[in-house]
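For reference, the structure is listed below as structure tokens.
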Amino acid sequence: MTHAYRSHTCGQLGIDHAGQDIRLSGWVHRVRDHGGLLFIDLRDHYGLTQIVIDPASSAFKMAEKVRSEWVIRVDGKVQPRPAGTENHELPTGLIEIAAREITVHSEARELPLPVFGDTEYPEDIRLKYRFLDLRRERIHNNIMKRGAIIDSLRARMKGQGFFEFQTPILTASSPEGARDYLVPSRVHPGKFYALPQAPQQFKQLLMMSGFDRYFQIAPCFRDEDARADRSPGEFYQLDIEMSFVTQEDVFEAVEPVLRGVFEEFGGGLPVTQKFPHIAFKDSIRWYGTDKPDLRNPIKMQAVTQHFAGSGFKVFAGMIASDPKVEVWAIPVKGGGSRAFCDRMNSWAQGQGQPGLGYVFWRELGDSVVDEQLARAFALVAETPQGRKLVAESGGAVPGVGTKLSAVDTAILNFGLQKLQLEGKLHEAASWWSKYMESAGPIAKNIGPERTEAIRNQLGLNVGDAVFFVAGVPAKFYKFAGEARTKAGEEMNLIAKDQFAFCWIVDFPMYEWNEDEKKVDFSHNPFSMPQGGLEALETRDPLTINAYQYDIVCNGVELSSGAIRNHKPDVMKKAFEIAGYPEDVIIEKFGGMYRAFQYGAPPHGGIAPGVDRIVMLLCNEPNIREVVLFPMNQQAEDLLMGAPSEATPKQLRELHIRLNLPEA
RNA sequence: GCGGGAGUAGCUCAGUUGGUUAGAGCGUCGCCCUGUCACGGCGAAGGUCGCGGGUUCGAGCCCCGUCUCUCGCGCCA
């Protein structure tokens with residue numbers, strides 16, 4: 001026994017070690033004192049080992065003294081546990097250590113935060129005692145998984161010929177974007193460095209320096225308020241940039257990295273194999289957001305024409321008064337009950353909306369097949385799909401006088417759809433009135449034919465519902481998206497247990513700033529506009545898209561990227577449209593603008609957020625569960641006590657005098 | 001900056017219509033206990049009910065203000 005602290009770790013010993021004299025060091029996880037016999041679960045980074053102390057043991061006196069989270073050393077012999085007392089939950093559960101001697105490395109005071117167990121604790125206490133919190137199994141594992149994920153990301157990037165670079169932390173403030181963290185310069189009174197919001201300009205400069213394929217696990221600093229999925233202050237990106245690439249080349253480089261890492265660490269959950277491309281415009285229209293959760297099957301559609309000139313005066317009037325007004329439908333399979341529709345309606349009211357109009361479809365009670373329907377069933381049964389349905393209903397076409405069953409309803413629905421395809425809306429509507437009904441105030445107002453047309457367009461059946469949102473889409477799409485999410489959650493339609501990825505592409509280059517009545521860059525000002533200089537010179541800026549894209553997974557925006565604008569004349573024009581003359585470009589982006597003048601390769605990149613990737617893979621709803629020492633919502637580090645006051649000497653050196661707000 | 005939720009023992013929480021001495025579990029301390037692994041049993045200590053004000057004979061509970069944490073909005077090219 002030569003090592004001062006341990007011969008093995010607490011996760012290492014098994015039945016093969018039985019009989020060996022060993023030495024372990026670790027934390028006292030849990031003590032079970034039986035008076036005569038005493039057990040200690042000893043924990044280190046690697047695992048848990050049961051120590052057993054017999055009253056006859058020389059270690060017994062000390063064993064009775066130790067408490068949770070003391071750090072101790074145990075000398076003893078590995079022995080198989082007596083038959084029947086093995087713990088198969090524990091990797092080391094077949095053995096235990098018969099202690100001969102226990103020495104205390106370090107005692108622990110009464111804990112503000114128990115390590116044992118998985119109770120929730122208040123965040124401020126967890127952050128103040130983060131070192132204790134980090135001993136706890138779940139977050140300890142999260143942090144280790146984070147490291148493994150980053151290793152894997154690195155290996156996958158290097159495997160594709162990317163090279164890792166380090167870019168400056170103290171750099172220049174950049175306009176637009178988030179608020180910068182500033183660092184005062186001692187040497188240059190009154191001047192400040194800024195911490196990089198992202199190494200955006202540096203990675204582009206690397207391309208202009210001829211390095212071709214850059215990546216970095218890059219720290220980024222933004223002085224913005226926190227969210228559950230957004231740390232205040234700092235976070236990490238897998239920052240990527242490539243030369244001589246189109247948008248497709250970037251997708252092909254990044255997709256396998258993300259797919260691979262999600263397959264490797266996603267606990268075997270299925271991962272989208274080929275990420276679908278969804279245009280920004282479509283994403284808004286279908287999902288009401290530019291970060292859609294594709295696990296939710298609900299896809300919205302415009303049904304404006306069915307309301308134009310209809311008896312539902314509220315919508316019809318809006319449509320007549322403004323050509324921009326649309327009515328969007330949120331179809332909800334299985335949502336066809338009064339209770340659910342009312343619940344959605346009152347939820348909408350809670351969101352400050354006037355309500356949520358709906359239609360749902362149900363069978364008329366005690367519907368019986370009449371001659372007309374029996375004839376229709378016979379016709380339907382001739383078609384392949386009809387044959388299948390009839391087979392499911394028991395092989396017989398329902399005859400006159402029989403009661404409608406659930407499967408008959410499916411046949412009926414199929415027949416109705418056929419009628420509609422043939423344009424026989426009137427006949428379809430008359431069927432409805434006989435065997436089924438549409439419920440909800442809107443159905444009554446617009447009448448059976450329009451209701452039936454909506455049902456058909458959305459492919460809905462008995463037992464389904466649809467909700468309507470009307471107005472100018474730009475103003476209501478967000479709420480529509482929330483209603484889609486709400487309905488999906490309420491009806492349990494969201495297929496959890498998968499990673500559903502997509503690319504959102506064709507982001508608009510500019511957007512209208514209503515406050516300042518001007519055109520703004522809607523995302524990255526360095527993005528290449530689709531159509532290049534010609535588009536900038538000839539088209540309405542608000543209709544121009546950029547080669548700008550996002551990756552979204554399960555409704556979480558994982559990253560944003562773009563093909564960059566590497567042409568000085570295009571850049572000059574692009575900034576001019578947003579109201580920035582050339583001297584502003586030179587002042588704010590001088591280094592990069594200069595580089596563009598001396599041979600810039602076409603290039604582009606992307607920057608997936610590492611913390612969010614880890615969060616998804618650890619199945620954590622909060623980013624602080626995957627960050628070692630996060631700050632709280634007020635951007636304070638409660639453990640280190642940051643931010644803190646500077647001494648007068650420090651301030652003097654920095655030429656700074658405080659001008660504090662009145663208390 | 002704004003809105004929602006929370007704040008009761010070291011920790012997790014309960015606390016009825018405003019009514020006697022504010023409870024439980026975990027933890028801590030003491031005693032008992034030789035096969036537990038969320039060990040068990042008995043007992044004890046531990047409370048500015050976030051803070052301040054108000055209503056009331058009486059406030060953990062009602063009202064006003066305020067602080068802290070959190071979720072969201074704003075913000076995040």
Side-chain angles (χ1 to χ4, degrees), chain A residues 29-43 48-57 60 64 67-69 79 81-90 92-93 96 98 108-129 132-133 173-180 197-198 200-201 220-233 235 350-352 478 482 507-511 513 515 520-527 546 548 557 560-562 564 574-575 578 580 588-589 607 609 621-624 632-634 636 638:
Chain A
H29 190 59
R30 193 96 174 136
V31 179
R32 290 178 296 279
D33 186 350
H34 290 235
L37 194 65
L38 194 149
F39 298 97
I40 295 172
D41 287 337
L42 193 67
R43 184 195 74 237
L48 213 59
T49 300
Q50 174 165 283
I51 315 296
V52 59
I53 304 102
D54 193 271
S57 162
F60 193 75
E64 281 187 304
R67 291 291 173 268
S68 287
E69 298 308 308
Q79 62 188 29
R81 295 200 190 182
T85 67
E86 301 90 348
N87 184 347
H88 297 284
E89 308 279 298
L90 213 59
T92 61
E96 60 193 5
R109 294 163 45 168
E110 186 176 349
L111 303 168
L113 178 81
V115 173
F116 172 80
D118 53 4
T119 325
E120 302 271 354
Y121 295 100
E123 195 109 23
D124 44 348
I125 291 178
R126 291 182 57 193
L127 294 181
K128 185 171 174 190
Y129 297 95
L132 282 177
D133 194 30
S173 177
S174 71
E176 307 242 355
R179 205 174 292 114
D180 284 319
Q197 296 182 22
Q200 180 67 33
Q201 295 188 62
C220 304
F221 306 90
R222 296 179 190 174
D223 186 0
E224 297 294 341
D225 289 332
R227 291 289 181 276
D229 63 352
R230 200 166 82 201
S231 304
F235 59 95
Q351 301 292 302
K478 227 177 200 169
E482 285 163 11
F507 276 83
M509 181 85 187
Y510 298 103
E511 65 192 13
N513 182 329
D515 295 338
D520 268 351
F521 288 112
S522 70
H523 289 274
N524 186 325
F526 307 121
S527 300
Q548 159 96 37
E557 182 192 317
S560 208
R564 320 296 175 189
F575 274 79
Y580 301 105
K588 299 298 185 184
F589 310 106
N622 188 307
I623 206 158
R624 293 183 296 277
N632 68 7
Q633 200 164 41
Q634 276 62 247
E636 297 166 301
L638 297 175

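Labels below follow one simple rule: chain letters A, B, ... track the order of the sequence lines, proteins then strands, and each chain is numbered from 1.
When both distances must be under 3.5 Å, the Watson-Crick or G-U wobble mate of B:C69 is B:G5. Remark: B:C49 base-pairs with no nucleotide in the shown strands. Criterion, Watson-Crick or G-U wobble with two distances under 3.5 Å. Pairing for B:C37 is absent, judged as Watson-Crick or G-U wobble with the two contacts each under 3.5 Å. Searching all strands for a Watson-Crick or G-U wobble partner of B:C13 with both distances below 3.5 Å returns B:G23. Using N1 to N3 plus N6-O4 or O6-N4 for Watson-Crick, or N1-O2 and O6-N3 for G-U wobble, each under 3.5 Å, B:C29 pairs with B:G43. Under the Watson-Crick or G-U wobble criterion, with both distances below 3.5 Å, B:A59 has no partner in any strand shown. Base-pair partner of B:G18: not found among the strands shown (Watson-Crick or G-U wobble, both distances under 3.5 Å).
Proximity of the aromatic rings of A:Phe575 and A:Phe589 is defined here by a centroid distance below 6.0 angstrom, and this criterion is met.
Using atom C1' as the reference point in both B:U56 and B:C62, the two lie 10 Å apart (nearest Å). With both ends at atom P, the span from B:G19 to B:G58 equals 14 Å, rounded to whole Å. Rounded to whole Å, the separation between the P atoms of B:C2 and B:C11 comes to 29 Å. For the P atoms, the distance linking B:U28 with B:U17 amounts to 37 Å, nearest Å. Spacing of P atoms, B:U16 relative to B:C61, comes out at 11 Å, to the nearest Å. For B:A59 and B:G54, the C1' atoms lie 11 Å apart once the distance is rounded to whole Å. Only the C1' atoms considered, B:A22 is 39 Å distant from B:G1, to the nearest whole Å. Only the C1' atoms considered, B:C73 is 35 Å distant from B:G15, to the nearest whole Å.
Both cation-pi conditions hold for A:Arg30 and A:Phe116: the charged atom is under 6.0 angstrom from the six-membered ring centre and inside a 45 degree cone around its axis.
A:Asp180 comes within contact range of no nucleotide atom at all, as no heavy-atom separation falls under 4.0 Å. Residue contacts for A:Gln200: at a heavy-atom cut-off of 4.0 Å it reaches a base atom on one of the strands shown. A:Pro82 comes within 4.0 angstrom of a nucleotide base, judged by non-hydrogen atoms across all strands. Residue-level contact check: A:Asn632 touches the backbone only, with heavy atoms under 4.0 Å from sugar-phosphate atoms and none from bases. At the heavy-atom level, A:Glu636 lies under 4.0 Å from the strands shown only through sugar-phosphate atoms. Heavy atoms of A:Gln634 sit under 4.0 angstrom from primed sugar atoms or phosphate atoms, though from no base atom. Residue contacts shown for A:Phe526 are absent, as no nucleic acid heavy atom lies under 4.0 Å away. A:Pro122 comes within contact range of the sugar-phosphate backbone alone, with a heavy-atom separation under 4.0 Å but no base atom that close. Contacts of A:Phe521 with the nucleic acid, taken as non-hydrogen atoms under 4.0 Å apart, involve only primed sugar atoms and P, OP1 or OP2. Contacts of A:Ile125 with the nucleic acid, taken as non-hydrogen atoms under 4.0 Å apart, involve only primed sugar atoms and P, OP1 or OP2.
No hydrogens or angles were tested; on distance alone, nothing pairs the side chain of A:Arg222 with the base of B:C75 as donor and acceptor under 3.5 Å. One donor-acceptor pair, N or O on each side, does fall under 3.5 Å between the base of B:C37 and the side chain of A:Asn87. Evaluation of atom-type donor-acceptor distances gives no pair under 3.5 Å for the side chain of A:Arg624 against the base of B:U70. In the interface, the side chain of A:Arg230 is paired with the base of B:C75 through a donor and an acceptor atom under 3.5 Å apart.
Put simply, NZ on A:Lys128 is 12 Å from C1' on B:G10, counting in whole angstrom units. Between A:Asp33 atom CG and B:U28 atom P there is a gap of 11 Å when expressed in whole angstrom units. The CD-C1' distance, from A:Glu224 to B:C75, rounds to 5 Å in whole Å. Nucleotide B:G35 holds its C1' atom 13 Å from the CG atom of A:Asp41, rounded to whole Å. Rounded to an integer number of Å, the gap from A:Arg81 CZ to B:C37 P is 11 Å. A:Glu64 has its CD atom 15 Å from the C1' atom of B:C29, to the nearest Å. One interatomic measurement links the two molecules: OH of A:Tyr121 to C1' of B:C13, which rounds to 12 Å at whole-angstrom precision.
Contact record, A:Arg230 with A:Asp225: NH2-O, 2.6 Å, taken as the closest heavy-atom pair.
A:Arg32 has no side-chain polar atom (N or O) that falls below the 4.0 Å cut-off from OP1 or OP2 of B:U36. Under 4.0 angstrom from either OP1 or OP2 of B:C29 there lies at least one side-chain N or O belonging to A:Arg67. Under 4.0 angstrom from either OP1 or OP2 of B:C73 there lies at least one side-chain N or O belonging to A:Arg227. Contact between the side-chain N/O atoms of A:Gln633 and the OP1/OP2 oxygens of B:U68 is not found at any separation under 4.0 Å. For the OP1/OP2 pair of B:G74 and a distance below 4.0 Å, the side-chain nitrogens and oxygens of A:Lys478 include at least one atom meeting the criterion. The phosphate of B:U36 has neither OP1 nor OP2 within less than 4.0 Å of any side-chain N or O from A:Gln50.
Closest contact between the side chain of A:Asp124 and the listed nucleotides B:U68, B:C71, B:C76 involves B:U68. With B:G72, B:G35, B:G27 as the candidates, the nucleotide lying closest to the side chain of A:Glu110 is B:G27. Among B:C75, B:C37, B:C71, the nucleotide with an atom closest to any side-chain atom of A:Arg179 is B:C75. Closest to the A:Asp225 side chain, of the nucleotides B:U68, B:C39, B:G74, is B:G74.
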Point to revise | Criterion side-chain hydrogen bond (donor to acceptor under 3.5 Å, both in side chains) on A:Gln50 and A:Arg32, from CA distance to verdict | key: CA-CA 10 Å; A:Gln50 174 165 283; A:Arg32 290 178 296 279; 3.1 Å; yes
Check your understanding: So A:Arg43 and A:Glu69, side-chain contact (heavy atoms from CB on, under 4.5 Å) or not? Walk me through it.
Key -> CA-CA 9 Å; A:Arg43 184 195 74 237; A:Glu69 298 308 308; 2.9 Å; yes
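For the atom pair A:Ile125 CD1 and A:Leu111 CG, the distance stands at 12.0 Å (nearest 0.5 Å).
You cannot call A:His34 stacked on the base of B:U36; the centres under 5.5 Å and planes under 30° rule is not satisfied.
Counting only distance, with no hydrogens or angles, the side chain of A:Thr92 and the backbone of A:Leu48 share a donor-acceptor pair below 3.5 Å.
No donor-acceptor contact under 3.5 angstrom links the side chains of A:Glu123 and A:Asn632, judged on distance only.
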